[in-house]
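Worksheet: one structure, shown below.
FYI, the numbering just counts along the sequence from 1.
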Amino acid sequence: MSSSAGTNPATLAAAAPTATPGSARPGKPFIRRRVLPGFAPTMGFTLFYLSLLVLIPLAAVFLKSADHGFEAFWAAATSPRVIASYKLSFGASLLAASINLVFGLMLAWCLVRYDFPGRKLVDALIDLPFALPTAVAGIALTALYAPNGWIGSLFAPGGLLAPLFGPEGTRIAFTPLGVLLALIFIGLPFIVRTVQPVLEDMETELEEAAASLGAQRWTTFRFVVLPTLLPALLTGFALAFARAVGEYGSVIFIAGNIPLVSEITPLMIISKLEQYDYVGATAIAVVMLVFSFVLLLAINLLQAWSSKRGAR
């Protein structure tokens, strides 16, 4: 008798291959199904979206600035008041982002590594500059740091801290120092929110192992903690710098807008537009755009280099 004659039909059914969702049919290649559409429609929509919202407006700025030739462009972009605004905007933005880099890291470290009363409240207050209208922030800072404000009066003549700066004391509002304070205020959340998730995912066992091997605190931070945090720190720095360069609402109130002293570049653009000088406004915008792009590109290249170095 043949051995196949007594084969159980249930056994044959169990031995037969079963079809699974997404598996290839006989004679057809396997096609992996994706939730989103294919590469062609996705890339097409991406390019359309970027062109409509980013590339076309930026191209229009460059074309508009070239309407009256290079001489008019150069005269509008290099006037003494505009040059002074470049120095203040980019210098204060870089300094504010650098200060936030240090204190934002300390604040993120405190929120992640320590549990203290009111921690959730402090964590919620960090996002306040995101939700607060910029004009409200500018008015609040001006009220605090003006010569007759709660904090500004301490530095004004006759104030408690005035002798530290000479007989006349010093002013915070309506000076470049006030601009710096406003940019620090609006840029701090970018550092904290980019570093905080990385700190939460970082394994504390690495720090404990370094300490058990005799490493000092600074050595542990430099060779164990900092390489992991560096990409996030650079990302937060770039975001804080980009936000500070284009900030307008929270700065114009506390800056005082004194020509050649406390005028920011966005204010110069608004002033040109109010005078119907569209060529001058677009010329300043082009210079600001080019400088911002170069600085952000340098930061991104540095971030990519640090990521590759950390992966080795």
Side-chain angles (χ1 to χ4, degrees), residues 79-104 106-107 118 121-122 124-192 237 240-275 281 284 288:
S79 64
R81 288 181 64 179
V82 175
I83 293 294
S85 72
Y86 293 153
K87 294 179 180 179
L88 178 60
S89 292
F90 287 101
S93 298
L94 284 172
L95 184 57
S98 301
I99 294 173
N100 282 329
L101 194 66
V102 177
F103 292 98
M106 295 174 60
L107 184 54
L121 178 61
V122 174
L125 288 176
I126 292 174
D127 294 328
L128 186 61
F130 287 152
L132 194 67
T134 55
V136 176
I139 294 173
L141 292 173
T142 304
L144 286 174
Y145 290 98
N148 58 348
W150 290 351
I151 301 177
S153 61
L154 299 175
F155 299 88
L160 182 63
L161 301 178
L164 298 176
F165 302 92
E168 298 297 328
T170 188
R171 296 175 61 185
I172 299 178
F174 317 125
T175 65
L177 183 58
V179 176
L180 178 64
L181 283 174
L183 297 182
I184 291 174
F185 174 78
I186 57 100
L188 180 63
F190 292 97
I191 305 292
V192 177
F237 180 88
F241 169 76
R243 170 68 190 275
V245 167
E247 181 60 23
Y248 177 76
S250 63
V251 177
I252 55 172
F253 294 100
I254 197 172
N257 308 323
I258 303 173
L260 301 175
V261 176
S262 59
E263 285 183 326
I264 58 174
T265 305
L267 176 65
M268 298 301 301
I269 297 176
I270 296 297
S271 300
K272 295 288 185 181
L273 291 175
E274 291 177 347
Q275 300 169 8
I284 300 172
M288 197 174 184

Strictly distance-based, threshold 3.5 Å: is any side-chain N or O of [X] a donor or acceptor partner for the main-chain N or O of [Y]?
{"X": "S93", "Y": "F90", "result": "no"}
{"X": "S89", "Y": "Y86", "result": "no"}
{"X": "T265", "Y": "S85", "result": "yes"}

- prompt: S262: what forms a side chain to side chain donor-acceptor pair (under 3.5 Å) with it, not counting sequence neighbours?
  reply: none
Where [X] and [Y] come nearest, the two heavy atoms and their spacing:
{"X": "I284", "Y": "V82", "answer": "CD1-CG2, 3.8 Å"}
{"X": "F253", "Y": "F174", "answer": "O-CE2, 3.6 Å"}
{"X": "L88", "Y": "V261", "answer": "CD2-O, 3.8 Å"}
{"X": "G158", "Y": "A162", "answer": "N-CB, 4.2 Å"}

query: How long is the gap from NZ on K87 to CG on L260, to the nearest 0.5 Å?
result: 10.0 Å
- line: So CD1 of I151 and CG of L144: to nearest 0.5 Å the spacing works out to 5.0 Å
query: For residues 254-266, which residue pairs qualify under salt bridge (charged side-chain N to carboxylate O under 4.0 Å, His left out), counting only residues two or more places apart or in two chains?
result: R81-E263
task: Step by step, work out the side chain to side chain contact (heavy atoms under 4.5 Å, CB included) result for F241 and S98.
output: CA-CA 9 Å; F241 169 76; S98 301; over 6 Å; no
Within [range] or reaching into it, pairs that qualify as side-chain hydrogen bond (donor to acceptor under 3.5 Å, both in side chains) - sequence neighbours excluded:
{"range": "residues 161-183", "value": "none"}
{"range": "residues 128-149", "value": "none"}
{"range": "residues 241-260", "value": "R243-E247, E247-S250"}

Would you tabulate the side-chain donor-acceptor contacts of residues 181-190 under 3.5 Å, counting partners in other chains and residues two or more places apart, or write 'none'?
none

